[in-house]
Amino acid sequence: MIDFSIKLVDPYITTAGADLGKPAKKIWARYTKDDTATTPTYANANITQPANVTAIPNPHEVIVKGSVPASVSDTPSDKWRLQLGLTAPDATAEPTSWTSFEFVVAAATKVTNFDIDPDNVTLKSGSSVDVGVRAIVEKAGGEVFKDARVESDSTSDYYSLQTGFEADDKTYYDYVSMDSSTATGRWQAKLTFTRGTKTYEFVKSFNVSKGTTSKAKSKITFKVSPTKVKKGKSVKMYGIVYRGYTSWGPWKKKILKLYFKKKGTKTWKFAGYIGANNSGKFTKTVKPKYDGYWRVGAFATSVTLGKWSSYKYVDVR
């Protein structure tokens, strides 16, 4: 639906009597998808008529809302036209004159071939499963790719994904590694785009199940500052690594591995080690050469499960 609203002036009967406060006018709305045709074909738009009131508003006006039906099968163009007209409230015939408004219907980003592999994830103690997210994104309409993630429907657990494309600039692929510390139940992959003030989300659901484990869980917070940097300048990568059974505490002296994936590629490459202190805090200064994604991994031991951090994108200018 394409929503619209209009201001209607003097919408109510103001003469004292039984009709006081009733609508004084009936609004008609119609639209065509091609106003350049010799004889345009019009269809009725949706319109909400003013309702009876007990007191005449001051100022004597009302906002009326309506909508024009639209579907994915419609052809984007600048030839759409909305027409509005007024008659007496009990009229059954269309108005003899109309006020026209031309507007543009632009193409929107479309996501196809949205797949999760595997779409039923079974987690086993002491191991992890790579869950791939694939989609074809047909970009249009000036949308901005703002966020990508996989998230649990029932908990706050989520994994961040990259917001870049493969070399063809339309194929999307990324993956997350899930282990037995991951929440079970229904999950969804979500790609989020914005267009002006509007937000569009494309989702694909999948299921996660697992068995029990006697190992401690682990988790990592990971930050990068700044996220935009001139080539040859440094960025700071830092965070905290935790482990725990029933409550979280620092994973003291844990050695983390730093990985980098260049934008437009699929392969993560080892970029160095980072050591955590007794508080689980770690930090490293890096001079990025290329646009791309960074993450750190805390790999499993005999008593603690491993964990990947979320991905962070660094723009090298």
Side-chain angles (χ1 to χ4, degrees), residues 128 130-131 133 144-152 155-165 172 174-179 181-183 187 189-194 199 216-244 247-301 304-317:
S128 61
D130 288 342
V131 181
V133 178
V144 178
F145 194 0
K146 293 293 291 187
D147 186 65
R149 62 175 60 194
V150 292
E151 59 185 18
S152 169
T155 73
S156 60
D157 206 0
Y158 74 93
Y159 296 84
S160 295
L161 298 170
Q162 64 165 318
T163 54
F165 295 98
Y172 179 83
D174 205 352
Y175 72 94
V176 297
S177 293
M178 292 184 165
D179 56 38
S181 67
T182 301
W187 282 65
K190 182 166 68 176
L191 309 181
T192 302
F193 297 82
T194 60
T199 298
K217 298 179 181 180
S218 62
K219 65 179 181 180
I220 305 172
T221 64
F222 180 50
K223 297 181 180 180
V224 175
S225 180
T227 56
K228 296 180 180 180
V229 64
K230 291 183 179 180
K231 194 168 185 178
K233 298 296 184 179
S234 298
V235 298
K236 180 182 178 182
M237 299 184 178
Y238 60 99
I240 305 175
V241 57
Y242 302 90
R243 67 185 298 274
S247 62
W248 294 107
W251 196 345
K252 300 178 181 180
K253 301 296 184 179
K254 178 64 177 175
I255 302 298
L256 306 169
K257 291 185 178 181
L258 177 68
Y259 281 81
F260 171 73
K261 182 171 68 171
K262 187 177 179 181
K263 181 180 178 182
T265 66
K266 298 181 179 180
T267 304
W268 287 94
K269 295 185 178 181
F270 174 70
Y273 294 99
I274 309 178
N277 62 19
N278 284 330
S279 299
K281 296 180 179 180
F282 61 88
T283 183
K284 188 177 183 69
T285 300
V286 175
K287 291 183 179 180
K289 295 181 180 180
Y290 308 103
D291 294 347
Y293 305 85
W294 296 83
R295 68 177 180 179
V296 293
F299 288 85
T301 68
T304 305
L305 295 168
K307 194 72 173 180
W308 286 106
S309 72
S310 58
Y311 309 149
K312 301 298 180 183
Y313 182 74
V314 176
D315 183 1
V316 180
R317 299 182 172 187

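Counting from 1, the numbers follow the sequence of the chain as shown. Heavy atoms only: backbone and side chains are in, while hydrogens, waters and symmetry mates are out.
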Check: Could you state the interatomic distance from CG (D157) to NZ (K219), rounded to the nearest 0.5 Å?
Finding: 9.5 Å
Checklist line | Residues in side chain to side chain donor-acceptor pair (under 3.5 Å) contact with D130, at least two apart in sequence or another chain | finding: S177
Margin query: Restricting to ring-ring contact (aromatic ring centres under 6.0 Å, His included), what partner residues turn up for W251, sequence neighbours left out?
Written below: none
Check: Taking only residues two or more places apart in sequence, or in another chain, which ones meet D147 in a salt bridge (charged side-chain N to carboxylate O under 4.0 Å, His left out)?
Finding: R149
Please set out all donor-acceptor pairs under 3.5 angstrom arising from side-chain atoms of residues 275-290, sequence neighbours excluded.
{"unit_1": "N277", "atom_1": "OD1", "unit_2": "S279", "atom_2": "N", "d": "2.8"}
{"unit_1": "N277", "atom_1": "OD1", "unit_2": "G280", "atom_2": "N", "d": "3.2"}
{"unit_1": "N277", "atom_1": "OD1", "unit_2": "K281", "atom_2": "N", "d": "3.0"}

Note to self: How long is the straight-line distance from CE of M237 back to CH2 of W294, given to the nearest 0.5 Å?
What the structure shows: 4.5 Å
Notebook entry, point to check: Taking only residues two or more places apart in sequence or in another chain, which ones pass side chain to side chain donor-acceptor pair (under 3.5 Å) with K261?
Noted result: D174
Margin query: According to salt bridge (Lys or Arg N to Asp or Glu O under 4.0 Å), does anything in residues 223-233 pair up with another residue at least two apart or in another chain? List the pairs.
Written below: none
Notebook entry, point to check: In chain order, what residues pass the ring-ring contact (aromatic ring centres under 6.0 Å, His included) check against Y273, with sequence neighbours excluded?
Noted result: F270
Side-chain donor-acceptor contacts of residues 304-317 below 3.5 Å, not counting sequence neighbours, with atom names and distances?
{"unit_1": "T304", "atom_1": "OG1", "unit_2": "R243", "atom_2": "NE", "d": "3.0"}
{"unit_1": "T304", "atom_1": "OG1", "unit_2": "R243", "atom_2": "NH2", "d": "2.7"}
{"unit_1": "K307", "atom_1": "NZ", "unit_2": "Y159", "atom_2": "OH", "d": "3.2"}
{"unit_1": "K307", "atom_1": "NZ", "unit_2": "S181", "atom_2": "OG", "d": "3.4"}
{"unit_1": "S309", "atom_1": "OG", "unit_2": "V296", "atom_2": "N", "d": "3.0"}
{"unit_1": "S309", "atom_1": "OG", "unit_2": "V296", "atom_2": "O", "d": "3.3"}
{"unit_1": "Y311", "atom_1": "OH", "unit_2": "Y175", "atom_2": "O", "d": "2.3"}
{"unit_1": "Y311", "atom_1": "OH", "unit_2": "R295", "atom_2": "NH1", "d": "3.1"}
{"unit_1": "D315", "atom_1": "OD2", "unit_2": "R317", "atom_2": "NE", "d": "3.3"}

Margin query: Quick check: do P226 and V235 have side-chain heavy atoms less than 4.5 Å from each other?
Written below: yes
Item checked: Considering all heavy atoms, the nearest F260-D291 contact -> CZ-O, 3.9 Å
Next item on the list: List in chain and number order the residues that pass side chain to side chain donor-acceptor pair (under 3.5 Å) with S152, two or more places apart in sequence or in another chain; answer none if no residue qualifies.
Entry: T155
Check: With sequence neighbours left out, what residues match Y242 under ring-ring contact (aromatic ring centres under 6.0 Å, His included)?
Finding: none
Notebook entry, point to check: Between F145 and F193, what is the ring plane arrangement, given parallel below 30°, perpendicular above 60°, and tilted in between?
Noted result: parallel
Next item on the list: Go through the structure and list residues passing side-chain contact (heavy atoms from CB on, under 4.5 Å) with T194, not counting sequence neighbours.
Entry: V144, K146, T199
Margin query: Test of understanding: with salt bridge (charged side-chain N to carboxylate O under 4.0 Å, His left out), list the residues that count as partners of K190, not counting sequence neighbours.
Written below: E151, E201
Check: Quick one: are L256 and V241 in side-chain contact, heavy atoms under 4.5 Å?
Finding: yes
Check: Nearest heavy-atom pair of G164 and Y293: which atoms, and what distance?
Finding: N-OH, 2.9 Å
